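A short worksheet on the structure shown next.
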Protein chains: 2
Amino acid sequence: MAANSRLTIATHVLAWLALAQRQGQEVLTSEQVAASVNTNAVVIRRSLGDLRRAGLVEVRHGAGAGWSLARDPEGITLLEVYDAVDAQPPFGLHRSEPNAECPVGRGIRPALGGVYGRVERAMRQELAHTSIADVLRETLVN
Amino acid sequence: MAANSRLTIATHVLAWLALAQRQGQEVLTSEQVAASVNTNAVVIRRSLGDLRRAGLVEVRHGAGAGWSLARDPEGITLLEVYDAVDAQPPFGLHRSEPNAECPVGRGIRPALGGVYGRVERAMRQELAHTSIADVLRETLVN
DNA sequence: TTGGATGTAACAGAGACTGTTACAGGGATT
DNA sequence: AATCCCTGTAACAGTCTCTGTTACATCCAA
């Protein structure tokens, strides 16, 4: 599979909403966001749907419809975005159950589960250190 | 995609080799390893090939052929295994170039690259803390 | 020389994600 | 109330990666 770009798309969307908000633009349509990300509007709506369910963005229907941030971009961390888009964990266990008659086959899964849990915790901690506002700042210097 | 199980398979293989070695079994064939992991021998040979190229295991040809650890299991970290199997990074950037006419589209990639780099560094640091011998110990208590 | 195991190519199948089209639903604005 | 634009979501094709499998050439101790 191609690497998972869900977190990238969602972060891009939020940064763009944050910038628009700062520039006085109240809402953006999925078409407008899609133009920046350079993809189809439905892809953006799927991502925005995830973010809406997580309470990170709000939608307005009817005429003058569109999307806006539901919270201060300084307070939205990439960890929340990661959880919102439900990306797959970095490592998977065996696809099919190992041989239970082998001592390694019996115990390897919980052992690896422990390690993978620690890795994921480190990853989440790092994601929690960066906010959408941070990303936007970094983005605008370049 | 189903989660990436390469690291899991490779670690399982190495732990099994470590246990066999400790029990006085000099070498294991790919068939024997495959029986523990419960998969096809070719899958195991592919993994062992990665590990051989990384210098973690040795192969013996001819009669009495098979695989053995090339180094002390206490000294082989999961980070080395991770690099050996060349698993994909947890996050990918945009599949198609974002719109360069948008300020966010222009700068988002390097900005995200920085974040993702920090995440991967944290992940690697955690993997470096665990050895094959650690995994085997954890495996055998269960 | 022999025989068992490795090394690798080739291919089918599964699964996930992206991109796309199509269409029902919602609600300001008029 | 009618209109109209945009959302929300289903459905589907195409792509890509990984796994599992078969097949076969290669290697080397005995």
Side-chain angles (χ1 to χ4, degrees), chain A residues 1-10 12-13 17 25-35 37-54 57-68 70 85-99, chain B residues 1-10 12-13 17 25-35 37-54 57-68 70 85-99:
Chain A
M1 132 195 113
N4 202 327
S5 62
R6 281 198 196 181
L7 181 59
T8 293
I9 301 298
H12 187 147
V13 169
L17 286 179
Q25 184 116 32
E26 275 188 41
V27 300
L28 291 177
T29 67
S30 59
E31 285 287 354
Q32 291 173 303
V33 178
V37 180
N38 190 23
T39 185
N40 191 286
V42 173
V43 175
I44 298 300
R45 279 184 234 151
R46 281 202 277 251
S47 184
L48 280 165
D50 289 338
L51 297 173
R52 179 174 55 74
R53 278 182 283 276
V57 299
E58 287 171 343
V59 62
R60 222 159 65 189
H61 281 259
W67 301 85
S68 57
V85 300
D86 194 35
Q88 65 181 340
F91 305 122
L93 291 178
H94 307 67
R95 183 159 298 206
S96 53
E97 197 84 23
N99 185 350
Chain B
M1 129 184 125
N4 201 328
S5 63
R6 283 197 195 181
L7 181 59
T8 293
I9 301 299
H12 187 147
V13 168
L17 286 180
Q25 183 115 33
E26 275 187 42
V27 299
L28 292 176
T29 67
S30 60
E31 284 289 352
Q32 292 173 303
V33 179
V37 179
N38 190 24
T39 183
N40 191 284
V42 174
V43 174
I44 298 299
R45 278 185 234 150
R46 280 203 278 249
S47 185
L48 280 165
D50 289 338
L51 297 173
R52 179 174 55 75
R53 278 182 284 277
V57 299
E58 287 171 344
V59 63
R60 221 160 65 189
H61 281 259
W67 301 85
S68 57
V85 300
D86 193 36
Q88 65 181 339
F91 305 121
L93 291 179
H94 306 69
R95 181 158 299 205
S96 53
E97 197 84 24
N99 185 350

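Small disclaimer: the values here were computed from a predicted structure and weren't measured. Below, chain A is the first sequence line, B the second, and so on; all start at residue 1.
Atom CD of A/Glu31 and atom P of C/dG19 are 14 Å apart (whole Å). Here C/dA5 presents its C1' atom at 11 Å from CD of B/Gln32, a figure rounded to the nearest Å. Atom CG in B/Leu48 sits about 12 Å away from atom C1' in C/dA5, given to the nearest Å. Taking atom CD1 of A/Ile44 as the reference point, atom P of C/dT18 lies 10 Å away to the nearest angstrom. B/Asn4 places its CG atom 6 Å from the P atom of D/dT19, with the value rounded to the nearest Å. Across the protein-nucleic acid pair, A/Glu58 atom CD and C/dA28 atom P stand 14 Å apart, rounded to whole Å. Spacing between atom CG of B/Asn40 and atom P of D/dG20 amounts to 8 Å, rounded to whole angstrom units. Rounding to whole angstrom units, NE2 of residue A/His94 and P of D/dC18 are separated by 17 Å.
Dashed line: the shortest gap from a side-chain N or O of B/Thr39 to OP1 or OP2 of D/dT19 is not under 4.0 Å. When the side-chain nitrogen and oxygen atoms of A/Thr29 are compared with OP1 and OP2 of D/dC6, none of them lie within a distance under 4.0 Å. When the side-chain nitrogen and oxygen atoms of A/Arg95 are compared with OP1 and OP2 of D/dC18, none of them lie within a distance under 4.0 Å. A close approach under 4.0 Å does not occur between any side-chain nitrogen or oxygen of A/Ser96 and OP1 or OP2 of D/dT19. Taking only side-chain nitrogens and oxygens, B/Arg52 comes nearer than 4.0 Å to OP1 or OP2 of C/dG7.
A/Ser5 and B/Arg95 are not linked by any side-chain donor-acceptor pair at a separation below 3.5 angstrom, with hydrogens and angles left out of the test.
Taking the side-chain hydrogen bond (donor to acceptor under 3.5 Å, both in side chains) definition, one finds that B/Thr8 meets it with A/Tyr116, sequence neighbours left out.
When side chains are defined from C-beta on, A/Leu48 counts as touching A/Val13, because their heavy atoms get closer than 4.5 Å. Side chains of A/Gln32 and A/Thr29 form a contact here, defined as non-hydrogen atoms less than 4.5 Å apart.
Shortest non-hydrogen contact noted between A/Glu58 and A/Ala70 is CG-CB, 3.7 Å. What you find for A/Glu26 and A/Ser68 is that their closest heavy atoms are O-CB, 3.4 Å. The two residues A/Arg6 and A/Val85 come nearest to each other via the heavy atoms NH1-O, 2.8 Å.
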Nucleotide by nucleotide, 5' to 3', does protein get under 4.0 Å of the base (B), only the sugar-phosphate (S), or neither (-) in nucleotides 23-30 of chain D, counting heavy atoms? B----BB-
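With D/dG20, C/dG7, C/dG19 as the choices, the nucleotide that has an atom nearest any side-chain atom of B/Trp67 turns out to be C/dG7.
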